[in-house]
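Remember, it's 1-based here, ligands and their atoms both numbered in the order they're listed. Computed from heavy atoms alone, side chains included, the values below leave out hydrogens, waters and symmetry copies.
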Amino acid sequence: MVLLGKLISTGTVPKIHAQLTNAKSFHSSRLKGKVAIITASTDGIGYAIAKRLGDEGASVIISSRKEDNVKKATEELRKDGINVEGLVCHVSDAEHRKRLFDFAKSKYGGIDILVSNAAVNPAVSPVLETDEKVWDKIFDVNVKCSWLLAKEVYPELVKRGGGSIVFVASIAGYQPMEPLGPYSISKTTLLGLTKAIAYEVTHENIRVNCVAPGIVATKFASAITSSDMAAEKTLSIVPMKRFGKPSEIASAVAFLVSEDASYMTGETLVVAGGTYAHL
Ligand code: NAP
């Protein structure tokens, strides 16, 4: 614990994080010829997934709510040699989602991979004290939009003769994290959504899997990672005693969408530094 506090206060943890985020491209060609849509991908885990899939040869379409973020992330990925296009897409907006899929079809001729990564957590409260509007917002973005994205991409994957969908859940989906109750439940729901859809679409050569990241030091998690005290409490449940890096989640997703995972569907891969994960 003391060592961890020291690492964080000397800035070593962010430095390690930066090194891994900026790590040299992998340039495996496992995903060559594939077209991948990653939602919520201008920052954090989604951005790292876009970069990794692009590094492995996929043409990627990134998106998020804010145009400036889309522009900046697209430019950065292009500088890294990624074949990327960026679009504004708020996942709750049906028109935005349609535009995303239409764009992928017109630009690249189809879609092979969907990574549904968007999530919100607008307020924290114990489950039974949660405001109904907060509950609805969490379930709308985290669950309903994941389902809608899968439903809408399905015919496109069928047209390609198969494909892959990955949902981004959370370690909190296994063990609700105080005080992230409703958010945790929404992520547990994704584990069920993964299994249910997977079994319905295997006959179309479509695989559906999920990744459950542990705590990753992104903007989203800053409330539980940015101060020494919060970090120490959070890391008390992590055997590796460090936060995950976005690139470490991205590599798991790249595996799941590749042929290396050809016999895997309906599964959730936990990438959480050994954190106990059992429902
Ligand atoms: P992040 O670094 O804060 O990045 C969030 C990204 O999502 C940004 O690009 C943001 O851009 C975009 N975004 C937010 N709301 C959106 C919406 N409604 N529609 C479209 N784009 C949206 O977050 P993160 O930590 O990488 O989290 C990504 C995923 O990992 C989430 O599903 C989260 O639940 C999951 N996860 C995170 C952790 C963690 O510790 N960080 C742990 C487990 C699971 P704009 O602002 O431009 O929209």
- Query: For ligand 1, is A169 a contact, meaning one of its heavy atoms is under 4.0 Å away?
  - Reply: yes
>> I'd like to know if D68 pairs up with K72 as an ion pair, taking the criterion as any Lys NZ or Arg NE/NH1/NH2 lying under 4.0 Å from an Asp or Glu carboxylate oxygen.
In response: no
Heavy atoms, side chains only, cut-off 4.5 Å: are S116 and I165 in contact? no
The closest protein heavy-atom partner of atom 33 (C) of ligand 1 is Y183 OH, 3.6 Å
ask   = Hey, is atom 5 (C) of ligand 1 under 4.0 Å from any protein heavy atom?
value = no
One finds that the ligand 1 atoms under 4.0 Å from a non-hydrogen atom of N117 are 28 (C), 29 (C), 30 (O), 31 (C), 32 (O)
Regarding E204 and R160, does a basic nitrogen lie under 4.0 Å from an acidic carboxylate oxygen? no
### Task
Give a yes or no on this: more than 12 heavy atoms of other residues, nucleotides or ligands lie within 6.0 Å of atom NZ of K195.
yes
Looking only at protein heavy atoms, what sits closest to atom 9 (O) of ligand 1 is T42 OG1, 2.7 Å
task = Would you check the N or O atoms of S63, main chain and side chain alike, for any that come under 3.5 Å of an N or O of ligand 1?
result = no
For K66, the atoms of ligand 1 under 4.0 Å from one of its heavy atoms are 46 (O), 47 (O)
- Task: Run the contact test for V91 against ligand 1 with a 4.0 Å cut-off on heavy atoms, strictly below, and give the result.
- Result: yes
- Quick one: do the N83 and S59 side chains pair a donor with an acceptor below 3.5 Å? yes
* Does T265 use its side chain to pair, donor to acceptor, with the backbone of V208 at less than 3.5 Å? -> yes
of all protein heavy atoms, closest to atom 40 (O) of ligand 1 is V216 N, 2.8 Å
> Does CD belonging to E67 count more than 12 external heavy atoms closer than 6.0 Å?
Replying inline: no
Note to self: If I apply the N/O under 3.5 Å rule, does I171 come out as touching ligand 1?
What the structure shows: no
Would you check if the side chain of N209 reaches a backbone N or O of M264 as a donor-acceptor pair within less than 3.5 Å? yes
Scanning both residues in full, the closest heavy-atom pair of D260 with R30 reads OD2-NH1, 2.7 Å
Note: ligand 1 atoms sitting under 4.0 Å from heavy atoms of I215 are 40 (O)
Ligand 1 atoms nearer than 4.0 angstrom to some heavy atom of S170 are 43 (C), 44 (C)
Hey, does N121 have a side-chain heavy atom less than 4.5 Å from the side chain of I138?
yes
When distances are taken from atom 23 (O) of ligand 1, the protein heavy atom at minimum range is F220 CB, 3.2 Å
Practice item. Give yes if a backbone or side-chain nitrogen or oxygen of G46 is under 3.5 Å from a nitrogen or oxygen of ligand 1, and no if not. Key: no
Practice item. Mark the output for G214 as yes if a heavy-atom distance to ligand 1 is under 4.0 Å, and as no if none is. Key: yes
### Query
Hey, is R52 close enough to E56 for a salt bridge, meaning N to O under 4.0 Å?
yes
In ligand 1, the atoms that come under 4.0 Å of a heavy atom of I45 are 26 (O), 30 (O), 37 (C)
Distance-only check: which donor-acceptor pairs under 3.5 Å involve side-chain atoms of residues 171-185, not counting sequence neighbours?
residue: S184; atom: OG; partner: M177; partner atom: N; Å: 3.1
residue: S184; atom: OG; partner: L180; partner atom: O; Å: 2.7

Contact region, N69 to ligand 1, non-hydrogen atoms below 4.0 Å, reads side chain
shortest atom 18 (N) of ligand 1-to-protein heavy-atom contact is with H90 CE1, 3.4 Å
Worksheet item: Any Lys/Arg nitrogen of K34 or E259 sitting under 4.0 Å from an Asp/Glu carboxylate oxygen of the other?
Response: no
Original post:
Does any donor atom in the side chain of N117 or T39 lie under 3.5 Å from an acceptor atom in the other side chain?
Top reply: no
Note to self: With a 4.0 Å cut-off on heavy atoms, is Y47 in contact with ligand 1?
What the structure shows: no
Does C89 come within less than 4.0 angstrom of ligand 1, counting non-hydrogen atoms of the residue?
yes
Per-atom filter on ligand 1: closer than 4.0 angstrom to a heavy atom of A221 are 39 (C), 40 (O), 41 (N)
Of all protein heavy atoms, the one nearest atom 46 (O) of ligand 1 is R65 NH2, 2.9 Å
Closer than 4.0 angstrom, basic N to acidic O: yes or no for E75 and K71?
yes
Per-atom filter on ligand 1: closer than 4.0 angstrom to a heavy atom of T218 are 2 (O), 23 (O), 24 (P), 25 (O), 26 (O), 41 (N)
Among A40, S64, S186, G244, the residue with a heavy atom nearest to atom 45 (P) of ligand 1 is S64
Per-atom filter on ligand 1: closer than 4.0 angstrom to a heavy atom of G44 are 2 (O), 26 (O)
At under 4.0 Å between heavy atoms, what of F243 touches ligand 1? The answer is neither
